[in-house]
There are 2 protein chains.
Amino acid sequence: MRDTYHEELDALSDRLIEMTRLARHAIARATTALLDADLDAAQEVISGDEKLNTLNDEIESSAMALMARQQPVAQDLRTIITALHMSGDLERMGDHAVHIAKIARRRYPDSAIPAELRSIVLEMGHQAEMLVIKAGEVVANRDVETARELDKDDDRMDRLRRKLLERILSSKWEYGVEATMDVTLAGRFYERFGDHAVHVADNLVYLVTGERPKDSYGEG
Amino acid sequence: MRDTYHEELDALSDRLIEMTRLARHAIARATTALLDADLDAAQEVISGDEKLNTLNDEIESSAMALMARQQPVAQDLRTIITALHMSGDLERMGDHAVHIAKIARRRYPDSAIPAELRSIVLEMGHQAEMLVIKAGEVVANRDVETARELDKDDDRMDRLRRKLLERILSSKWEYGVEATMDVTLAGRFYERFGDHAVHVADNLVYLVTGERPKDSYGEG
């Protein structure tokens with residue numbers, strides 16, 4: 001049987017996995033809001049972000065309490081510190097979903113995304129979902145091997161964003177300034193969402209191996 | 001005389017203050033790179049970011065070592081945890097300066113900023129410098145009162161960004177898609193730089209008072 005201390009450590013990980021679920025839901029709904037000019041979806045993402053903030057708060061309080069009470073060392077200490085990092089990343093992923101939802105809300109009842117870019121944006125949305133779901137699995141299974149793959153998976157997101165920017169910069173781009181701004185920012189928010197998923201995976205690698213993957217810095 | 005343990009705690013704060021200096025320098029040079037199409041300035045910001053990353057690494061290692069060895073509680077524990085947060089924010093501020101420098105480098109030998117927007121961008125640059133310098137003072141002096149002002153100071157940055165976006169969206173905007181993208185993203189990077197400075201100040205408030213200011217979430 002696990003004692004209370006180890007139960008509380010496990011609870012950190014449960015909360016993180018719950019955050020990956022919420023972040024996946026948020027980005028999926030944000031993509032719907034964007035592509036379908038769906039105002040309800042946008043509002044849901046915006047008001048739903050509170051749950052991610054609350055979980056982040058709970059992880060932070062719990063981490064502080066554990067450190068103060070148990071004075072953990074080595075592996076347990078790493079568990080707590082990496083939980084703080086991952087939680088911060090997941091909380092920010094929720095914020096990026098909110099930013100995307102706000103673009104959709106601003107342009108409602110129009111869609112912020114020109115018809116010919118819809119498939120790229122949809123693919124970015126799907127890629128974002130896949131990255132955060134994988135990050136959740138990595139945390140749940142303490143799976144270093146899959147964690148190391150996320151960086152490569154994220155290259156796909158970067159390629160999609162470049163494709164988006166190429167379209168905007170092509171001579172065929174016939175949309176106005178608003179569309180240019182919206183697509184530019186939406187592209188960046190999806191890219192950052194992906195980066196944070198990679199950081200979650202990087203922190204899992206650090207947790208298990210004690211080694212930080214190269215270039216594991218947040219950039220946002 | 002301070003013992004080694006407390007010297008190491010103080011060293012965390014010294015490193016944070018050094019990071020605010022480096023971040024101020026980076027954003028000042030990035031603004032120069034942007035406004036003057038100054039390629040040397042851009043390169044300097046891009047390669048100089050390594051120093052901020054290294055300091056962030058050092059703070060993280062030192063925090064881990066302190067926690068493992070000293071098993072700090074209460075105020076000392078808060079000092080260490082907030083140092084980790086602040087360091088992360090300052091590291092990201094350096095990244096935002098790098099993003100701005102890269103916009104300048106991409107458009108070289110042209111300037112990415114149309115002539116009529118130069119004063120707004122300059123003001124955003126100055127505001128960013130002011131915010132990070134104030135964050136450094138707040139940390140150095142553990143000054144809760146000034147820390148609480150930063151949120152208001154940052155409103156000015158948000159207003160400047162809105163002004164920038166209004167210009168882009170006005171009927172007089174006569175620049176192409178590239179300029180629209182560059183100005184949109186540059187505006188966002190300055191805004192995020194400011195947000196992170198506010199988070200540093202918020203963490204100082206938490207460190208001293210034990211209370212988190214409302215809405216102190218990172219959004220990027």
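All values derive from a computational prediction rather than experimental measurement. Letters A, B, ... mirror the listed sequences (proteins, then strands); counts begin at 1.
- By a heavy-atom distance cut of under 4.5 Å, not one residue of residues 104-115 of chain A is near chain B.
- When every heavy atom of A:M181 is checked against every heavy atom of B:T180, the shortest pair comes out as CG-CG2, 3.8 Å.
- For B:R78, the parts lying under 4.5 angstrom from a heavy atom of chain A are both the backbone and the side chain.
- Of the two parts of B:Q70, neither the backbone nor the side chain holds a non-hydrogen atom closer than 4.5 Å to a non-hydrogen atom of chain A.
- In terms of heavy-atom pairs under 4.5 Å with chain B, the best-connected choice from A:M64, A:M93, A:Q71, A:H85 is A:Q71.
- Expressed to the nearest 0.5 Å, how far CG of B:D95 lies from CG of A:D195 amounts to 10.0 Å.
- Contacts between A:F193 and chain B at a heavy-atom distance below 4.5 Å are absent for every atom of the residue.
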Quick one, B:V177 with A:V177, criterion side-chain contact (heavy atoms from CB on, under 4.5 Å). Give me CA distance, side-chain angles, the key distance, then yes/no. CA-CA 7 Å; B:V177 168; A:V177 168; over 6 Å; no
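- Of the two parts of B:Y175, neither the backbone nor the side chain holds a non-hydrogen atom closer than 4.5 Å to a non-hydrogen atom of chain A.
- Proximity to chain A (any heavy atom under 4.5 Å) is restricted, for B:I81, to the side chain, taken from C-beta onward.
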